[in-house]
Colleague: 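Before I ask anything, let me first share the structure, which is written out below as structure tokens.
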Number of protein chains: 2
Amino acid sequence: MQRTLSDISYSTDEVALSAIAKALSHPVRIKILRLLAGEACCFTGELTSLIPMAQSTISQHLKALLEAGLIQGEINPPKVKYCIHRENWAKAQALFGEFFASEKSGGCGC
Amino acid sequence: MQRTLSDISYSTDEVALSAIAKALSHPVRIKILRLLAGEACCFTGELTSLIPMAQSTISQHLKALLEAGLIQGEINPPKVKYCIHRENWAKAQALFGEFFASEKSGGCGC
DNA sequence: CCTTCCAATCGTATATTTACGATGAACTAA
DNA sequence: TTAGTTCATCGTAAATATACGATTGGAAGG
């Protein structure tokens, strides 16, 4: 990147959508979210046993999901419990729902 | 990446979701899709005038969206008209819908 | 044939992502 | 205090993504 994106204007929704999409753009993060979204409320340790990746790598992915706001962590020494961030999850659901619904069928005859 | 992801097993949905999410992970691609999803069926030239980026860069983003299957191109010399790929769009919509709906509220009391 | 127009592709430079092992920090238990 | 457990962070290497200008390819028009 020789230039930043700062000289291009994006709407709040465009930035929010792309940020969430980026968080979802790796299959292992989809897998983690699926595990957390299911009934299993997971500790990191459970994730590391379920997913054949280095613990540090999984921790990195969890951090990415945290920063995207899709999950939240709850320290429970000596473990940390991760859960879906319900509020932001609902927001993301709404954003994607609106985005995909915006397609006007038959708009141009392609 | 020192190792490929090939030694980790992902479901078809996990791979499909992450691939679509990756295509959506850049704000300019969200913008392009919004423009195409609206009533305006665009030629590349219109996009380059609407988006302050080099023509080659926009072409690269269009290629990414093409490869993700979200849009389709129609050669109309000397121009090319791009449209939403309705069938895949609907598939993506369904995938994301199911994904976000899979969250079980109250599952773990976080 | 030659030029013009439009879009794709090439070549390149830089930034980010992804993965790993190693180390560090915090708490528990002996 | 001394280990042991759990997870985050650091440091690093390789792959991928992003952006640009320059070039190429193909069709239309002179």
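So that the names make sense, note that chain A is the first sequence line, chain B the second, and so on, each numbered from 1.
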Colleague: side-chain contact (heavy atoms from CB on, under 4.5 Å), that's the test. Do A:M53 and B:I8 meet it? Break it down for me.
Modeller: CA-CA 8 Å; A:M53 274 182 161; B:I8 301 179; 3.3 Å; yes
Colleague: Could you state the CD1-P distance from A:I75 to C:dC27, rounded to the nearest angstrom?
Modeller: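 Between P of C:dC27 and CD1 of A:I75: 8 Å.
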Colleague: Between C:dA7, D:dT9, C:dC20, which nucleotide has the shortest distance from any of its atoms to the side chain of A:K63?
Modeller: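 Taking heavy atoms from C-beta onward, the closest nucleotide is D:dT9.
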Colleague: Could you check how far CE of A:M53 sits from C1' of D:dA8, rounded to whole Å?
Modeller: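 Distance check: A:M53 CE to D:dA8 C1' gives 17 Å.
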Colleague: Return the minimal non-hydrogen interatomic distance between A:I51 and A:L35, and the atom names on each side.
Modeller: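 Smallest interatomic distance, heavy atoms only, reads CD1-CD1, 4.5 Å.
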Colleague: Select one nucleotide: of C:dC20, D:dT18, C:dA19, the one nearest the side-chain heavy atoms of B:R29.
Modeller: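 Comparing C:dC20, D:dT18, C:dA19 against the side chain of B:R29, the answer is D:dT18.
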Colleague: Using atom types as modelled and distance alone, determine if a side-chain donor or acceptor of B:N88 lies under 3.5 Å from a backbone N or O of B:G69.
Modeller: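 Yes, the answer is positive, given that a donor and an acceptor are paired below the 3.5 Å cut-off.
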Colleague: In whole Å, I'd like the distance from the CD atom of A:Q60 to the C1' atom of D:dA14.
Modeller: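 About 14 Å, once rounded to whole Å.
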Colleague: Does B:H61 place a side-chain N or O at less than 4.0 Å from the phosphate oxygens OP1/OP2 of D:dA19?
Modeller: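 Yes, such a contact exists.
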Colleague: Does A:H85 have any ring-ring contact (aromatic ring centres under 6.0 Å, His included) partners at least two apart in sequence or in another chain, and if so, which?
Modeller: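 Counting only residues at least two positions away or on another chain, A:H85 forms no ring-ring contact (aromatic ring centres under 6.0 Å, His included).
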Colleague: Starting from C1' on D:dC7, measure out to CD1 on A:I32 and report it in whole angstrom.
Modeller: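 Going from A:I32 (CD1) to D:dC7 (C1'), I get 14 Å.
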Colleague: CD1 of B:I30 versus C1' of D:dT18: gap in Å, rounded?
Modeller: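 One finds 16 Å between C1' of D:dT18 and CD1 of B:I30, rounded.
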Colleague: Quick check on the helix from C:dC1-D:dG30 to C:dA30-D:dT1: what's the angle between its two end axes, five base pairs per end, to the nearest 10°?
Modeller: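 The end-segment axes of the helix from C:dC1-D:dG30 to C:dA30-D:dT1 are tilted 10° relative to each other.
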Colleague: Quick one: salt bridge (Lys or Arg N to Asp or Glu O under 4.0 Å) pairs with a partner in residues 60-71 of chain B, sequence neighbours left out?
Modeller: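 Sorted result for residues 60-71 of chain B: empty, none.
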Colleague: How does protein reach along nucleotides 23-30 of chain D, written 5' to 3' as B (base within reach of a heavy atom under 4.0 Å), S (only sugar-phosphate), or - (no contact)?
Modeller: ----S---
Colleague: Under the 3.5 angstrom rule, does the side chain of A:R29 hit a backbone N or O of A:K22 as a donor-acceptor pair?
Modeller: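 Yes, the answer is positive, given that a donor and an acceptor are paired below the 3.5 Å cut-off.
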Colleague: Using whole Å, what does the distance between atom P of nucleotide C:dT18 and atom CG of A:L24 come to?
Modeller: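 Distance, rounded to whole Å: 12 Å.
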Colleague: Only counting residues at least two apart or in another chain, list the ones meeting salt bridge (charged side-chain N to carboxylate O under 4.0 Å, His left out) with A:K31.
Modeller: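 Only B:E14 meet the salt bridge (charged side-chain N to carboxylate O under 4.0 Å, His left out) criterion with A:K31.
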Colleague: Between C:dA19 and A:H26, is there an OP1 or OP2 to side-chain N/O distance shorter than 4.0 Å?
Modeller: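 Yes, within the criterion.
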Colleague: So which one's nearest nucleotide on DNA chain C is more toward 5', B:T48 or A:T57?
Modeller: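 With A:T57 and B:T48 compared, the 5'-side residue is B:T48.
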Colleague: A:V80 has a side chain; which of C:dA19, C:dA8, D:dC7 sits nearest to it?
Modeller: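 So the side chain of A:V80 is nearest to D:dC7.
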Colleague: Quick check on C:dT17: is either OP1 or OP2 less than 4.0 Å from any side-chain nitrogen or oxygen of A:K22?
Modeller: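 So the side-chain polar atoms of A:K22 do come within 4.0 Å of the phosphate oxygens OP1 or OP2 of C:dT17, strictly under.
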Colleague: Between D:dA19 atom C1' and B:L62 atom CG, what is the distance in whole Å?
Modeller: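 Rounded to whole Å, this separation is 15 Å.
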Colleague: Would you mind reading off the distance between A:K79 atom NZ and D:dG4 atom P, rounded to a whole angstrom?
Modeller: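 Distance check: A:K79 NZ to D:dG4 P gives 18 Å.
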Colleague: Measure the CG-CZ distance between B:L95 and A:F96 for me, rounded to the nearest 0.5 Å.
Modeller: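 If we round to the nearest 0.5 Å, B:L95:CG and A:F96:CZ are 12.0 Å apart.
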Colleague: Hey, what do you get for CG (A:L70) to CD1 (A:I32), rounding to the nearest 0.5 Å?
Modeller: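 The distance works out to 11.5 Å.
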Colleague: Sequence neighbours left out, what passes ring-ring contact (aromatic ring centres under 6.0 Å, His included) with B:F99? Give chain and number order.
Modeller: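 So B:F99 forms a ring-ring contact (aromatic ring centres under 6.0 Å, His included) with A:W89.
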